[in-house]
Number of protein chains: 2
Amino acid sequence: MEQPRPELIPIPAVRRLSLYLRQLEAFKRKDRRTISSKQLGESLGLTDAQVRKDLAYFGQFGHPGIGYRVEELIAQVRHILGTDKTWNVLLVGAGNLGRALLAYKGFEAKGFALAAVFDNDPSKFGKKIGQYTIQPLSELSDTISKQLIRLAILAVPADVAQDVADQLVEAGIRGLLNFAPVSLTVPADVALNAVDLAVQLEQISFQVSLASLGRSPAASSSSPTPADDGR
Amino acid sequence: MEQPRPELIPIPAVRRLSLYLRQLEAFKRKDRRTISSKQLGESLGLTDAQVRKDLAYFGQFGHPGIGYRVEELIAQVRHILGTDKTWNVLLVGAGNLGRALLAYKGFEAKGFALAAVFDNDPSKFGKKIGQYTIQPLSELSDTISKQLIRLAILAVPADVAQDVADQLVEAGIRGLLNFAPVSLTVPADVALNAVDLAVQLEQISFQVSLASLGRSPAASSSSPTPADDGR
DNA sequence: GGATGTGAATGCATTCACAGCA
DNA sequence: TGCTGTGAATGCATTCACATCC
């Protein structure tokens, strides 16, 4: 009955929650009505116990003997993640990456709506990208309060990223997704996640180097294995 | 003296290694010659003990009383990650995201070189993007063996991602960075990392929801805190 | 003094294994 | 029987604290 104290929820469990949601939506598209922890786990390369434990951190969603009802669990997970309502998201940086993110249509279905685009290059001010007009950073506070924006995506060059982040926080942004290859400093009450392409490639480089070297004499093992995901 | 067995290296330590490298390169640009575990840790929001333990998994790189010599440690970490040599990387998917990745110039400096671009849309075959000519997937094996490519970036729509991944593996790719929002299945000896934009935003949504709700009466805490990074 | 490298202690996260419900 | 939810047991990762070296 009691909601579990958020403090004791493992961060990895929250990350997996997003993956469960993605799988559940895929199962729903295939008209699956219910799913067991075993099946959901297998689709992600996880054990059934892991799936049950993760979900149990947030409440009791399953039905003994049945499993989880797909549609019901989707609604629950969306509610937990906060994506049952739509978030307005602001983008800073109208370079290549920024424009690609703008063009990506997958957001809306996931509960995020691009609401405004900013850049610090005066030559871009007023120009339109699709439906969006590029605004100068000086209009940040205004736009944020008028459109109730709380989340921002940062797709600016590394050398200005901290400066822009500071302005965003100052203007009231509560969560930040950083694509610039630098480590940002923000107040403790501002959520921060980072995606660094080079870091991702380096992780793969490490794994491949390791495999081609060591991996024991039986290096030619290639069982048609389950799925691993971004870590 | 002995190289530590790779099996007992924590995966989180490898992830942080990439972040250490990024910081070290930044310190080098500022002409720092040496750095202590404390300073390196602080720049990333980690403890000194964590930094020392992580680095010690891979060897003895420090100098008691001095710290780590920046340039020396950069070379060591690059060697560990396998980025002291350049990797040829292939891109599949010449859509918005793919083109943005192509345009991103940060790769070379990090040890990765875009070597070829593929798509499965016949109307794109032969077209040029920058210096790259878009090739059909049927030429995968050929190009991979001729240019010695082992890594691939997948920036295709979700519904064809698994199919393309299978072809890449079949053609000899050893590591895969997946941007499609699906969970891929690959053989155990193929390295796989995934970046899903929606998942990243959901994590932030969760954190922000949590903060605005609970976070104890003292919710107005905003100490100008250290850096958190992609998790 | 100022720093590393590292066993030992702690703290988290995962897995096990089973009671209980449909 | 089939499956969940969950304490208890295990296994990893982080932190502590100190011997050691410049």
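- Across the protein-nucleic acid pair, A:Q39 atom CD and D:dG2 atom P stand 13 Å apart, rounded to whole Å.
- Remark: P of D:dG2 and CD1 of A:I35 are 17 Å apart, rounded to the nearest angstrom.
- At a threshold of 4.0 angstrom between heavy atoms, the contacts of A:G65 include nucleobase atoms, whether or not backbone atoms are also involved.
- Heavy-atom nearest nucleotides on DNA chain C were determined for A:K53 and for B:F61, and the one closer to the 5' end corresponds to B:F61.
- The CZ-C1' distance, from B:F58 to C:dG5, rounds to 15 Å in whole Å.
- In this structure, A:D48 places its CG atom 10 Å from C1' of D:dC3, rounding to the nearest Å.
- Counting heavy atoms from C-beta on, the side chains of A:I153 and A:F179 come closer than 4.5 Å.
- Phosphate contact (OP1/OP2 of C:dG5, side-chain N/O of B:R52, threshold under 4.0 Å): absent.
- When the side-chain nitrogen and oxygen atoms of A:Q60 are compared with OP1 and OP2 of D:dT6, one or more of them lie within a distance under 4.0 Å.
- We find that CZ of B:R15 is positioned 14 Å from C1' of D:dC12, with the value rounded to whole Å.
- Protein atom CG of B:D54 is 13 Å distant from nucleotide atom C1' of D:dC12, rounded to whole Å.
- One can place CG of A:L55 at 8 Å from P of D:dG5, the figure rounded to the nearest angstrom.
- Here A:R16 reaches the OP1 or OP2 of C:dT14: one of its side-chain N or O atoms lies under 4.0 Å away.
- Mapping A:P64 and A:A13 onto DNA chain C by nearest heavy atom places A:A13 at the nucleotide closer to the 5' end.
- With 3.5 Å as the limit, one finds a donor-acceptor pair spanning the side chains of B:S18 and A:Q203.
- Taking each heavy atom of B:I74 and B:L21 in turn, the nearest pair found is CG2-CD1, 4.0 Å.
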Hey, mind stepping through A:E25 and A:R29 against salt bridge (Lys or Arg N to Asp or Glu O under 4.0 Å) and telling me if it holds?
CA-CA 6 Å; A:E25 287 167 341; A:R29 281 192 295 272; 5.4 Å; no
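- For A:E108, the CD atom is densely surrounded, since the number of other residues' heavy atoms within 6.0 Å is greater than 12.
- The distance from atom OH of A:Y57 to atom P of C:dC12 is 12 Å, rounded to the nearest whole Å.
- Within the 4.0 Å cut-off from OP1 or OP2 of D:dT15, at least one side-chain nitrogen or oxygen of B:Q50 is found.
- Between C:dA3 and B:S36, no contact under 4.0 Å exists linking OP1 or OP2 to a side-chain N or O.
- For A:Y68, the side-chain atoms get nearest to D:dT4 when compared with the rest of D:dT4, C:dA13, D:dA13.
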